[in-house]
Amino acid sequence: MHLSDPKAIRMIQLADAAIDAAQKEKSSAATAGLTWLVEDCELTITNFRAIREQAASGRLPPSKGAGLGITRALGELGVSKELYAAGQALENYYQDEYGA
């Protein structure tokens with residue numbers, strides 16, 4: 001898969017939305033002085049960017065029904081519903097559509 005592949009393009013769009021959600025949450029956490037959440041959001045952004053880059057370069061392997069572990073990780077971090085939903089959309093698309 002590569003950038004002309006509609007599935008790769010959709011993965012990139014969903015990753016971008018998840019990155020945006022994590023950046024907004026990081027900003028809110030910084031304003032509230034929640035250092036632990038800022039750090040969690042930074043890690044989340046790094047991971048979403050890696051997924052995005054792999055999809056863009058064609059190196060993201062097909063799901064074969066397996067997930068990426070996004071929702072589990074976000075659930076353990078205790079992020080907002082908005083960030084969780086963005087990560088869940090990315091996870092679900094990967095698991096159900098990408099490389100299926």
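Bear in mind that the values here come from a model prediction, so they are computed numbers and not experimental data. Below, all heavy atoms of this structure are taken into account, side chains as well, without hydrogens, waters or symmetry copies. Residue numbers count from 1 along this sequence.
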- Item | Donor-acceptor under 3.5 Å (Ser27 side chain, Gln23 main chain) | no

- Rounded to the nearest 0.5 Å, what separation is found between the CZ atom of Arg52 and the CG atom of Asp16? 4.0 Å

- Do Ile70 and Gln88 come close enough that some side-chain heavy atom pair is under 4.5 Å? no

- If you look at every heavy atom in Leu74 and Gly87, which pair is closest and at what distance? CD1-CA, 3.8 Å

- Query: Within the side chain of Glu25, is there an N or O that forms a donor-acceptor pair under 3.5 Å with the backbone of Val79?
  - Reply: no

- With a 4.5 Å limit on heavy-atom distance, are the side chains of Leu60 and Tyr94 in contact? yes

- Do you know the tightest heavy-atom contact between Arg59 and Ser57? NE-OG, 2.9 Å

- Task: Supply the atom-to-atom distance Ile19 CD1 to Leu83 CG, rounded to the nearest 0.5 angstrom.
- Result: 11.0 Å

- Would you say Leu43 and Trp36 are hydrophobically clustered, going by side-chain heavy atoms of ILVMFWY under 4.5 Å? no

- Query: How far does CD of Gln95 sit from NZ of Lys64, to the nearest 0.5 angstrom?
  - Reply: 14.5 Å

- Item | Minimum side-chain heavy-atom gap Lys7-Tyr93 below 4.5 Å | yes

- Item | Taking every non-hydrogen atom, the tightest pair across Ala86 and Ala18 | CB-CA, 3.8 Å

- Message: Using the side chain to side chain contact (heavy atoms under 4.5 Å, CB included) definition, which of the options Val38, Leu37, Thr31 pairs with Leu34?
- Response: Leu37

- Query: Between CD1 of Ile51 and CG of Leu68, what distance do you get to the nearest 0.5 Å?
  - Reply: 5.0 Å

- Between CG on residue Asp20 and CZ on residue Phe48, distance to nearest 0.5 Å: 11.0 Å

- Message: Once rounded to the nearest 0.5 Å, what's the spacing between atom CD of Glu97 and atom CE of Met11?
- Response: 11.5 Å

- Salt bridge between Arg72 and Glu76, side-chain N to carboxylate O under 4.0 Å? yes

- Considering all heavy atoms, the nearest Gly67-Glu91 contact: CA-OE2, 2.9 Å

